[in-house]
There are 2 protein chains.
Amino acid sequence: MYYSIGEVSEMFHIPISTLRYYDKEGFFPDMERVSGIRRFSEREIETLRVVDCLKKSKLEIKEIKQFIDWTRLGAKTYEERRNLFEQQKKNVEKEIEELEKTMSMLKYKCWYYEQAIKDGNEDKLHEMIPERLPKEVKKWYDHAHEEETK
Amino acid sequence: MYYSIGEVSEMFHIPISTLRYYDKEGFFPDMERVSGIRRFSEREIETLRVVDCLKKSKLEIKEIKQFIDWTRLGAKTYEERRNLFEQQKKNVEKEIEELEKTMSMLKYKCWYYEQAIKDGNEDKLHEMIPERLPKEVKKWYDHAHEEETK
DNA sequence: TTAATTCATAAACCTAGCTTTAGGTCAAGG
DNA sequence: CCTTGACCTAAAGCTAGGTTTATGAATTAA
């Protein structure tokens, strides 16, 4: 089964120009062409899925290219590839934690402005922060203000 | 209590050049200066904490500036500000979900290459995918391959 | 036959969010 | 008194990751 660039673009919600850009970057080293026109096979589709995952885990284009190159080298690069995924796992884990801290701050701020709207001003709030905050709210506040462990 | 730009830079692990850039963007509209030199007060420090949160929730510089402007307009912009934080909460929630899907893919890939290393090739793996995958692994696989609900 | 689609390339262009550079002020220490 | 270090500005520069433009070929639909 083969797909045209336009079909792949629709399937993945990726602009055609981006697919061509990825191709230029060497993401599809063995893609076939029929009189110059690209034919995406299952191989390219699978590549695209992995690329998507690596992009979401914030890997740079160049490093994704490195991974593609490893793939072509076969069994002798299994370890490099595993290490890459292990690393990305750690990175994403850390990012989720960061975002959860951000969520706490956002929840706190939502509560804060909800109160401000009710009161018409921030006077009562200023008296509460941080020791007299409601228990639940203080949890968000504290989480958001935790020190970075860099 | 006042801080110099260098002290703030250390406290927040933000380059001095970036702080000056933020200032130029209007993030510290009421910051004092003593013969041209910036003095960061508690107000600016608090601004910086919120900016940090909004940046982590992927708000653009221009929109952060908008928020700063709202803050200066006082009580009549409480709703706009609350709405902004509500929106960012939704965005971050969605992003965490996305990242959890990415995590599943990464876990699956780690397992995959672990197996490939053990076997020396991917033959056995190809026979397992997707129906004969171990239960735990299939969970990651399925999660990672769920359709986007766009 | 003509018009609309879909594909192709190379190269220029774009944007956000900084960062660097070049040139200068000012206070403290040796 | 001179050097070092921390600060200042304006303006140019940078980078990733695409996107747009200009140009053209091949296919299909009316």
Side-chain angles (χ1 to χ4, degrees), chain A residues 1-41 44-45 47-69 88 91 95 98 102, chain B residues 1-41 44-45 47-48 50-68 88 91 95 98 102:
Chain A
M1 189 52 179
Y2 292 100
Y3 305 90
S4 71
I5 197 167
E7 287 164 347
V8 176
S9 167
E10 291 222 328
M11 286 165 57
F12 283 83
H13 315 285
I14 295 176
I16 289 177
S17 62
T18 304
L19 291 170
R20 291 207 262 249
Y21 165 68
Y22 287 168
D23 189 19
K24 209 174 58 186
E25 290 301 307
F27 285 11
F28 313 116
D30 300 309
M31 186 158 53
E32 291 173 42
R33 294 205 181 205
V34 174
S35 55
I37 294 184
R38 294 174 180 84
R39 305 174 84 202
F40 289 75
S41 73
E44 280 73 40
I45 299 296
T47 296
L48 222 32
R49 273 197 268 273
V50 181
V51 164
D52 192 52
C53 165
L54 291 174
K55 267 171 50 77
K56 280 179 183 158
S57 69
K58 271 86 191 172
L59 202 69
E60 288 176 20
I61 297 294
K62 271 180 198 166
E63 303 188 80
I64 297 180
K65 176 53 167 55
Q66 167 74 278
F67 169 78
I68 300 282
D69 292 345
Q88 290 317 100
N91 295 164
E95 213 196 314
E98 268 291 298
T102 301
Chain B
M1 190 51 178
Y2 292 99
Y3 305 91
S4 72
I5 198 167
E7 287 164 347
V8 176
S9 166
E10 290 221 328
M11 285 165 56
F12 284 83
H13 313 286
I14 295 177
I16 289 177
S17 62
T18 305
L19 291 170
R20 291 210 262 248
Y21 164 70
Y22 287 168
D23 189 19
K24 208 174 59 186
E25 290 301 307
F27 285 11
F28 313 115
D30 301 308
M31 185 158 52
E32 290 173 45
R33 294 205 181 206
V34 173
S35 56
I37 295 184
R38 294 174 180 85
R39 307 174 83 203
F40 289 75
S41 72
E44 280 73 41
I45 299 296
T47 296
L48 221 34
V50 180
V51 163
D52 193 53
C53 165
L54 291 173
K55 268 171 49 76
K56 280 179 183 156
S57 70
K58 271 85 193 175
L59 203 68
E60 291 178 16
I61 297 294
K62 272 178 198 171
E63 304 188 80
I64 297 180
K65 177 51 168 53
Q66 167 74 278
F67 169 78
I68 301 282
Q88 290 316 100
N91 295 164
E95 213 197 312
E98 268 292 297
T102 300

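Letters go in sequence order (proteins before strands), and every chain restarts at 1.
- For residues 4-20 of chain A, there are no salt bridge (Lys or Arg N to Asp or Glu O under 4.0 Å) pairs, not counting sequence neighbours.
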Do F67(B) and V51(B) pass the side chain to side chain contact (heavy atoms under 4.5 Å, CB included) test, and can you show the C-alpha distance, the side-chain angles, and the key distance before you say yes or no? CA-CA 9 Å; F67(B) 169 78; V51(B) 163; over 6 Å; no
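- Scanning for ring pair (Phe, Tyr, Trp, His ring centres under 6.0 Å) contacts around Y3(B) gives an empty result, with sequence neighbours left out.
- Every residue meeting the side chain to side chain contact (heavy atoms under 4.5 Å, CB included) condition with E63(A), not counting sequence neighbours, appears here in chain and number order: L59(A), E60(A).
- Partners of T18(A) by side chain to side chain contact (heavy atoms under 4.5 Å, CB included), not counting sequence neighbours, listed by chain and number: I14(A), P15(A), Y22(A).
- In this structure, the CD atom of E60(B) is 18 Å from the P atom of dC14(C), given to the nearest Å.
- The outermost nucleotides of DNA chain D lying under 4.0 Å from heavy atoms of chain B, listed 5' to 3', are dC7(D) to dT9(D).
- Taking atom CD1 on I37(A) and atom C1' on dC7(C), their separation rounds to 5 Å, with Å as the unit.
- Within residues 21-36 of chain A, the residues approaching DNA chain D are Y21(A), Y22(A), by heavy-atom distance under 4.0 Å.
- Listed pair K55(B) / dC18(C) meets the phosphate criterion, a side-chain N or O lying under 4.0 Å from OP1 or OP2.
- Using five terminal pairs a side, the axes of the helix from dT1(C)-dA30(D) to dG30(C)-dC1(D) at its two ends make an angle of 10°, given in steps of 10 degrees.
- Distance check, rounded to the nearest 0.5 Å: CZ of F12(A) to CG of D52(A) gives 7.5 Å.
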For residues 34-41 of chain B, please give each side-chain donor-acceptor pair under 3.5 Å, one per line with the distance, not counting sequence neighbours.
{"unit_1": "R38(B)", "atom_1": "NE", "unit_2": "D23(B)", "atom_2": "OD2", "d": "2.7"}
{"unit_1": "R38(B)", "atom_1": "NH2", "unit_2": "D23(B)", "atom_2": "OD2", "d": "3.3"}
{"unit_1": "R39(B)", "atom_1": "NH1", "unit_2": "E32(B)", "atom_2": "OE1", "d": "3.3"}
{"unit_1": "S41(B)", "atom_1": "OG", "unit_2": "R43(B)", "atom_2": "N", "d": "3.2"}
{"unit_1": "S41(B)", "atom_1": "OG", "unit_2": "E44(B)", "atom_2": "OE1", "d": "2.6"}

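- Between the CZ atom of R20(A) and the P atom of dA8(C) there is a distance of 5 Å, rounded to whole Å.
- For K58(A), the salt bridge (Lys or Arg N to Asp or Glu O under 4.0 Å) partners two or more places apart in sequence, or in a different chain, are E95(A), E95(B).
- Taking S57(B) as the reference, T102(A), L106(A), L54(B), Q88(B), V92(B) meet the side chain to side chain contact (heavy atoms under 4.5 Å, CB included) condition, with sequence neighbours excluded.
- Taking atom CD1 of residue I16(B) and atom C1' of nucleotide dT20(C), one finds them 14 Å apart after rounding to whole Å.
- At least one side-chain nitrogen or oxygen of T18(B) sits closer than 4.0 Å to the OP1 or OP2 atom of dT19(C).
- Note: I45(A) CD1 to F28(A) CZ = 8.0 Å, rounded to the nearest 0.5 Å.
- Atom NZ of residue K65(B) and atom CD1 of residue I68(B) lie 8.0 Å apart, to the nearest 0.5 angstrom.
- Nucleic acid contact class of S17(A) (heavy atoms, under 4.0 Å, all strands): base.
- Separating the CG atom of L19(B) from the C1' atom of dC18(C) is a distance of 12 Å, rounded to the nearest angstrom.
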